[in-house]
Every structure is written in structure tokens, then in C-alpha cells.
Amino acid sequence: MRYGLVIFDNDGVLVDSEPISNRHLAAYLTELGHPTTYEESLRDYMGSAMHRVHDLVEERTGRRLPEDFDDVFHTRVFAAFERDLKPVEGVEEVLQKLTADAVPYCVASSGSHERIRVGHRTTGLDRWFDEGRVFSSQDVGRGKPAPDLFLYAAQRMGVAPERCVVVEDSPLGVQAAVAAGMDVYGFTAMTPADRLAGCRGLFSDMAELVGLLA
């Protein structure tokens, strides 16, 4: 494999969480008087850290979200994860292949460490990701689309950015990877290909990924 490190996004790439979290986000924002459809939530917030939700709502309405917004939202989403969350189909086979070939990998997510861990524990992916392989936007000052998180993950894993490849499914994540000087492959299972401009390649089935990285 030509890359020294594979960096996975989490939501939508490792765990099939985007439909769950965006349904709950749209419903909660609507409940608070900010009417939002599921499709609008995917368009505006998929792949972003929670501060983007706060920033966009305040920018658009002049009103701040409640202080306990993140806590209430995560309580609802984590309960839904426990009931419904599944790993993305085929991703365990990819992780197994990378491990067998001794290719370093990690996860770099806009979600909190707690969100990552809840998702991994629920789906069984925690066996593939020890603490040293998990990086969150909480670890850096700026989340995606800034490159900080991917650069931080590369630095902690001891691999130069130009030898890293990112696997993403959101426009914000693709922008962050490009800004970090890394190759990026876009997973189009939920995101239209034309929204993932800048990718080295696109794929819709996780079974295709290993061949793309080779």
C-alpha cells in the first residue's frame, strides 16, 4: 500500500450514524423553534462539530441555542445509538485487511470522544480502535473544514501529511483533508458525488476501498 497512514472519518464511514443523528438534530432544532428538515440537517451539519450548529443557528436567527443543547441532544442520540446503530457494511473487512498488512490507521472525527466511544462500543468496532487511534475535534482548536484535526492525527501517529490518506463522506471533511495536504477518497453511500469535489477517487461500497488504497 502506498500510504503510511489511513485516517477514517467516523460518522457515516465507520458507523452508520448519520441518519440517526441528523433525524434527531432536525427534530430538536425544530422543537426549539428553528424549523429544520432531515435533508437540511444533512446539508448543513453532516460531518461538522457541534459548534457549527450553534454558529449557524445564531448567524441565521440572531438567537443562541440553550446552554444545555449539546447535553440534551447527545442524550437523545446516544439512546438511539444503543437501539439502532450498526457498523457501516464492509468496514470491518477493511480494518481486518489493514491490520493483516500492518498498515497504520486511526479515526479522526468531528464528534466528541464520548460519541466516538459510544458508537464503537455499541457496534463492536472498539476492538479495532484503542485510545491511541482515536482523535476528536475536541483535541484541537478548530474542527473540519479546518485541517487541524487531520494534521494532529498524523502528527500523533508519526506520519507525514503527504503520506496520509483520508476516508471521508462529508464535504467539510473533504475540504479539511485537502487543506491538510492529504489524499482523500470520498464515500458516496449518503453524499452525492458532486458534493465531494477534491477527492482522489470516489466509492459507494466499502468493499471497493482496499483496491483504491493499494
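Keep in mind it's a predicted model, so treat the numbers as computed, not measured. Note that these values count all heavy atoms, side chains included, but never hydrogens, waters or copies made by symmetry.
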Under 3.5 Å donor-acceptor, Asp205 side chain and Ala207 backbone: yes
salt_bridge(Arg156, Asp139) N-O dist < 4.0 Å: no
Heavy-atom closest contact (His51 atom, Gly143 atom, distance): NE2-N, 3.9 Å
Minimum-distance pair of heavy atoms, taken over all atoms of Pro66 and Leu32: CD-CD1, 3.9 Å
Arg52 side chain to Asp44 backbone, donor-acceptor under 3.5 Å: yes
Main-chain N/O of His113 paired to Gln138 side chain as donor or acceptor, under 3.5 Å: yes
Shortest non-hydrogen separation from Ser110 to Ala49 and the atoms involved: CB-N, 3.6 Å
Euclidean distance, Arg83 CZ relative to Thr122 OG1, rounded to 0.5 Å: 11.5 Å
Arg133 side chain vs Tyr105 backbone, donor-acceptor pair below 3.5 Å: yes
Point-to-point distance, once rounded to the nearest 0.5 Å, from CD of Gln175 to NZ of Lys144: 11.5 Å
Closest non-hydrogen atom pair, Gly198 against Val174: C-CG1, 4.4 Å
In one Ile/Leu/Val/Met/Phe/Trp/Tyr side-chain cluster, 4.5 Å: Val178, Val165: no
Backbone of Gly111 reached by a side-chain donor or acceptor of Ser136 within 3.5 Å: yes
Reported CG-to-SG distance for the pair Leu151 and Cys164, which is rounded to 0.5 angstrom: 8.5 Å
Derivation and outcome, side chain to side chain contact (heavy atoms under 4.5 Å, CB included), residues Val15 and Asn10: CA-CA 6 Å; Val15 295; Asn10 187 57; 3.7 Å; yes
4.5 Å side-chain heavy-atom contact, Cys199 and Glu168: no
Side-chain ion pair, Arg2 and Asp183, N-O less than 4.0 Å: no
Spacing of CZ belonging to Arg60 relative to CG belonging to Asp55, to within rounding of 0.5 Å: 11.0 Å
Residues Ser109 and Arg115: side-chain donor-acceptor under 3.5 angstrom: no
Nearest non-hydrogen partners of Leu25 and Ser41, listed with the distance: CD2-OG, 3.5 Å
Aromatic plane relationship, Phe78 with His74 - under 30° parallel, 30 to 60° tilted, over 60° perpendicular: parallel
Side chain Arg63, main chain Gly33, donor-acceptor under 3.5 Å: yes
Gap between atom CG of Leu98 and atom CH2 of Trp128 - 0.5 Å precision: 9.0 Å
Thr191 side-chain N/O to Asp169 backbone N/O, donor-acceptor pair under 3.5 Å: yes
Joint hydrophobic cluster, Ile116 plus Val13, side-chain heavy atoms closer than 4.5 Å: yes
Carboxylate-amine/guanidinium contact Arg117 Glu131, below 4.0 Å: yes
Sub-6.0 Å ring centroid separation between Phe135 and Phe150: no
Val103 vs Leu213, side chain to side chain contact (heavy atoms under 4.5 Å, CB included): CA-CA, chis, key distance, verdict: CA-CA 11 Å; Val103 178; Leu213 299 179; over 6 Å; no
Chi angles and distances behind the side chain to side chain contact (heavy atoms under 4.5 Å, CB included) call for Leu125, Glu92: CA-CA 8 Å; Leu125 291 183; Glu92 288 203 75; 3.5 Å; yes
Gap separating the OH atom of Tyr185 from the CG atom of Leu209, nearest 0.5 angstrom: 9.0 Å
Candidate pair Arg195 and Thr188, rule side chain to side chain contact (heavy atoms under 4.5 Å, CB included), full reasoning: CA-CA 9 Å; Arg195 296 196 65 212; Thr188 61; over 6 Å; no
Check: Ala189 main-chain N/O paired with Ser204 side-chain donor or acceptor under 3.5 Å: no
Linked, directly or transitively: Val57 and Val72 (ILVMFWY side chains, under 4.5 Å): yes
Flag, side chain of Thr36 to backbone of Thr30, donor-acceptor distance under 3.5 Å: no
Ion pair Lys86/Asp16, N-O distance below 4.0 Å: no
Closest contact, heavy atoms only, Ala154 versus Met182: CB-CE, 3.9 Å
Parallel, tilted or perpendicular, as decided by the 30° and 60° cut-offs, for the rings of Phe69 and His54: perpendicular
